[in-house]
S.K.: 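My questions all concern the structure below.
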Amino acid sequence: MSHAVEIILTRPATPGELRHARCSVPVSANADRTRLIAVHDARSSGGALHTLRRRLDALLPIDVLTTHYPDRRGRVLLNVALPHAADQALRRAAAATGQRPQDVLRRRVSEALARDEQDRAQLLVARLEGLLAHHTPEEVLTSVANLMHSRQHRRQPTVP
C-alpha cells in the first residue's frame, strides 16, 4: 500500500541536497524547500516513515516525518517519526509524568495549536488597531464586507 509522507526540514534544503535525495527517493518540495512530500510503498504508514527516515536521514536536514489520514469517524490520525533525540526527550518527559509518550505528544501539540491560535488572534487585533488609527470603523467594516462579498462570488461556480 502507498503512503504519502510529509517531510519537514530544519532548514531549506539546498538544490544539491534535493538532487541527492531524489536519487534515493522520489520527493516533491514546496517553493521554499522546507517541506517535502514522498509516496512510499509499505505495509503500514509507520513502516513508510521509518524506511524514509533511514534512507533520507544522511541526505537531508530532517526534523519530522508525518503521515495523516482520516479514521472512520472523520478525525485525522497523525503518525509521527521524530528524530532520535526528540523521541528520547519525549520518552523521558512521559516517564517523569507517568504518562504514555503519545499522550505527552498529543498534549504538547494541542498546547502549540492553542498558542498559535492565540498569537494569530493577537496579530489580527494589532493589525486592526493599525487600520483604525488611520480609518473610521465604518470604513474598515465596509472594506471587510466588500472583500468578503467579492471572495464569496469568486468561489461560487456559475450555473449555465
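Counting begins at 1 with the first residue of the sequence.
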S.K.: Can you tell if the side chain of Thr34 reaches within under 4.5 Å of the side chain of Arg11, non-hydrogen atoms only?
M.R.: no
S.K.: With no hydrogens and no angle check, is any side-chain donor or acceptor of Ser150 less than 3.5 Å from a backbone partner on Leu147?
M.R.: yes
S.K.: Nearest 0.5 Å please: distance from the CZ atom of Arg54 over to the OG atom of Ser24.
M.R.: 10.5 Å
S.K.: Rounded to the nearest 0.5 Å, what's the gap from NE2 on His84 to CG on Asp57? Could you check?
M.R.: 11.5 Å
S.K.: Does any N or O in the side chain of Arg35 come within less than 3.5 Å of the main-chain N or O of Ile8, such that one atom is a donor and the other an acceptor?
M.R.: no
S.K.: Taking all non-hydrogen atoms of both residues into account, name the closest pair between Arg22 and Ser28 and its distance.
M.R.: NH2-CA, 4.4 Å
S.K.: So which heavy atom on Glu17 is nearest to which on Pro12, and how close?
M.R.: OE1-O, 4.3 Å
S.K.: In Å and rounded to the nearest 0.5 Å, what is the CZ to OG distance from Arg115 to Ser110?
M.R.: 10.5 Å
S.K.: Hey, mind stepping through Val109 and Arg106 against side-chain contact (heavy atoms from CB on, under 4.5 Å) and telling me if it holds?
M.R.: CA-CA 5 Å; Val109 168; Arg106 181 180 297 115; 6.0 Å; no
S.K.: Output the distance between atom CZ (Arg107) and atom CD (Gln99), rounded to the nearest 0.5 Å.
M.R.: 5.5 Å
S.K.: Quick one: closest heavy-atom pair of Ala29 and Leu18, and the distance?
M.R.: CB-CD1, 4.1 Å
S.K.: Taking all heavy atoms of Val104 and all of Ala93, pick out the closest pair and write down the distance.
M.R.: CG1-CB, 4.4 Å
S.K.: Return the CD to CG distance between Gln118 and Leu123, rounded to the nearest 0.5 Å.
M.R.: 12.5 Å
S.K.: Between Leu49 and Val5, which heavy-atom pair has the shortest distance, and what is it?
M.R.: CD2-CG1, 3.6 Å
S.K.: Do His40 and Thr51 have side chains that approach each other closer than 4.5 Å (heavy atoms only, starting at C-beta)?
M.R.: yes
S.K.: Calculate, to the nearest 0.5 Å, the distance between atoms NE2 and OG1 belonging to His20 and Thr14 respectively.
M.R.: 8.5 Å
S.K.: Quick one: closest heavy-atom pair of Leu60 and Ala21, and the distance?
M.R.: CD1-CB, 3.7 Å
S.K.: Flag the pair Val125 / Leu128 as yes when at least one side-chain heavy-atom distance between them is below 4.5 Å, and no otherwise.
M.R.: no
S.K.: Checking side-chain contact (heavy atoms from CB on, under 4.5 Å) against Leu9, which of Leu36, Asp63, Val64 comes through?
M.R.: Leu36
S.K.: Do Leu141 and Glu138 have side-chain heavy atoms sitting under 4.5 Å apart?
M.R.: no
S.K.: Evaluate Arg53 against Ile7 for side-chain contact (heavy atoms from CB on, under 4.5 Å), listing each step before the verdict.
M.R.: CA-CA 9 Å; Arg53 166 135 342 246; Ile7 304 164; over 6 Å; no
S.K.: Does any non-hydrogen side-chain atom of Leu90 lie less than 4.5 Å from one of Arg92?
M.R.: no
S.K.: Does a side-chain heavy-atom distance below 4.5 Å link Pro137 with Leu132?
M.R.: yes
S.K.: Quick one: do Ile37 and Val27 satisfy side-chain contact (heavy atoms from CB on, under 4.5 Å)? Show the steps, please.
M.R.: CA-CA 6 Å; Ile37 294 290; Val27 295; over 6 Å; no
S.K.: Between Glu139 (side chain only) and Thr136 (backbone N and O only), is there a donor and an acceptor less than 3.5 Å apart?
M.R.: yes
S.K.: With a sphere of 6.0 Å drawn around CD of Glu117, does it hold more than 12 non-hydrogen atoms of other residues, nucleotides or ligands?
M.R.: no
